[in-house]
Amino acid sequence: MEAAAEPAPLAPRARLLPSLAAVYRAQLSRARVARIPLLFVATFQSVGIMVLMRGVVDGGAEARAVVAGSSVLVVAFVALNLLAQYFGQLRGSGGLDHYATLPVPPAAVVLGAAGAYASFTVPGTVVTAVTGSLLFGLPMTHLWVLVAVVPLCGAALSGLGAALGLLAPRPEIATLLGQLGMSAALLLGVLPPGRLPEPIAYIRDLMPSTYGVEALAHTFDAGPDWVTVALHLGVCALVGVLSLTVATWAYRRAAVR
């Protein structure tokens with residue numbers, strides 16, 4: 001009697017980086033059709049806010065805060081608001097079951113989607129920052145710092161948006177939470193901090209986007225304090241790691257239900 005055949009060994013699990021690249025390309029391709037309207041809405045909203053604020057803010061620290069906050073708001077609109085809606089709809093429609101069957105790490109799914117959505121914000125953020133600098137007469141010498149501000153804010157806000165969408169019990173709640181998060185980024189980021197009531201100023205420190213706003217605002221100074229800029233970017237990076245970790249845990253939790 002022949003011995004029973006041994007089961008074939010399973011294929012090795014996909015590695016994180018190749019899986020991340022594959023998910024990123026797939027998400028980028030899926031959202032490519034909506035890219036132009038998405039960029040237009042996010043950018044038009046931020047530029048419109050700066051035009052309105054131009055009537056009450058002349059220059060100085062307040063102008064720097066308005067331009068920096070409006071630029072980061074483009075990131076919040078896409079990375080926080082739209083990503084919360086996307087994951088909320090994905091969970092509500094059962095779309096997470098598709099990702100759960102793929103041999104990819106959960107972190108690759110979250111990071112790939114977050115990276116794709118955050119990538120859409122780059123042109124709009126640059127256009128908003130340049131337009132705001134011209135509108136308020138701010139120097140554009142150090143706008144290269146957007147190379148650090150956009151990905152770090154994108155990571156922090158994408159993680160928060162993904163976590164909100166995955167933890168919300170219904171897609172409608174995810175949409176509501178995403179809208180509230182973007183509204184908080186608007187009010188607490190665009191309005192000059194000196195004009196906020198003291199209790200609201202403390203709440204402002206809890207927003208991940210605040211540190212990106214502060215880092216960008218400091219670069220508009222004649223002699224930027226690069227240590228302060230680096231500290232703000234460091235906090236933003238730390239919050240990004242924490243929020244993406246929470247989003248990955250939320251994905252695992254939602255995928256097994």
Side-chain angles (χ1 to χ4, degrees), residues 42 46 49-50 53 60-84 110-111 114-115 117-122 124-126 128-129 132-133 138 142-164 177-178 180-221 223-247:
S46 293
I49 289 172
M50 289 192 300
M53 293 298 292
E62 293 184 343
R64 294 192 289 270
V66 169
V67 175
S70 299
S71 300
V72 174
L73 181 61
V74 178
V75 183
F77 179 84
V78 177
L80 197 164
N81 182 27
L82 295 184
L83 199 58
V110 174
L111 292 174
Y117 272 73
S119 296
F120 292 147
T121 68
V122 175
T125 304
V126 172
T128 302
S133 298
L138 300 177
H142 304 298
L143 283 184
W144 55 264
V145 81
L146 288 173
V147 173
V149 171
V150 172
L152 293 179
C153 278
L157 294 173
S158 293
L160 179 58
L164 291 176
L177 293 175
L180 290 175
M182 190 195 70
S183 298
L186 191 161
L187 295 174
L188 301 177
V190 175
L191 293 178
R195 297 194 177 187
L196 294 174
E198 189 170 347
I200 304 299
Y202 289 122
I203 298 176
R204 181 176 182 268
D205 294 337
L206 300 177
M207 278 297 297
S209 57
T210 297
Y211 302 97
V213 172
E214 289 294 330
L216 181 57
H218 277 84
T219 63
F220 290 123
D221 295 337
D225 184 351
W226 293 110
V227 174
T228 302
V229 172
L231 286 175
H232 285 300
L233 291 176
V235 174
C236 201
L238 177 60
V239 174
V241 171
L242 293 176
S243 65
L244 288 170
T245 301
V246 172

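Values reported hereafter were calculated over all heavy atoms of this structure, with side chains retained and with hydrogens, waters and symmetry mates removed. One-based numbering along the sequence shown.
Judged by distance alone, with hydrogens and angles left aside, the side-chain atoms of S46 form a donor-acceptor pair with the main-chain N or O of S70 at under 3.5 Å. Counting only distance, with no hydrogens or angles, the side chain of S158 and the backbone of A155 share no donor-acceptor pair below 3.5 Å. Listed for the T210 side chain is no donor-acceptor partner under 3.5 Å among the backbone atoms of D205.
To the nearest 0.5 Å, the span separating CG on L231 from SG on C236 amounts to 12.5 Å. Considering CG of L73 and OG1 of T121, their distance stands at 11.0 Å, rounded to 0.5 Å. A distance of 11.0 Å separates CG of L233 from NE2 of H218, quoted to the nearest 0.5 Å. Here W144 contributes atom CH2 and T219 contributes atom OG1; the two are 8.5 Å apart, rounded to the nearest 0.5 Å. Here the SG atom belonging to C153 is positioned 11.5 Å from the NE2 atom belonging to H232, to the nearest 0.5 angstrom.
Residues F220 and L143 are in side-chain contact: their nearest non-hydrogen atoms beyond the backbone lie under 4.5 Å apart. With a 4.5 Å cut-off on side-chain heavy atoms, V235 and V239 count as touching.
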Show your working on side chain to side chain contact (heavy atoms under 4.5 Å, CB included) between V75 and V149 and close with a plain yes or no. CA-CA 10 Å; V75 183; V149 171; over 6 Å; no

Are T125 and V72 close enough, and set up right, to give a side chain to side chain contact (heavy atoms under 4.5 Å, CB included), and what steps lead you there? CA-CA 7 Å; T125 304; V72 174; over 6 Å; no

Does R64 form a side chain to side chain contact (heavy atoms under 4.5 Å, CB included) with D221? I'd like the steps, not just the answer. CA-CA 8 Å; R64 294 192 289 270; D221 295 337; 2.9 Å; yes

Given the rule in the side chain to side chain contact (heavy atoms under 4.5 Å, CB included) test, do V241 and T245 qualify, once you have shown the distances and angles that lead to the verdict? CA-CA 6 Å; V241 171; T245 301; 4.2 Å; yes

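Residues L160 and S243 share a closest heavy-atom pair of N-CB, 3.8 Å. In terms of heavy-atom proximity, A162 sits nearest to V110 at CB-CG1, 4.5 Å. Listed here is the closest heavy atom pair of A237 and L152: CB-CD2, 3.8 Å. The two residues L157 and P208 have their closest heavy-atom pair at CD2-CB, 4.3 Å. Closest of all the heavy-atom pairs between G154 and A79 is O-CB, 4.1 Å. Closest heavy-atom contact between G178 and L80: O-CD2, 3.7 Å.
Screening L177, V78, N81 against M182 for a side-chain contact (heavy atoms from CB on, under 4.5 Å) leaves a single residue, N81.
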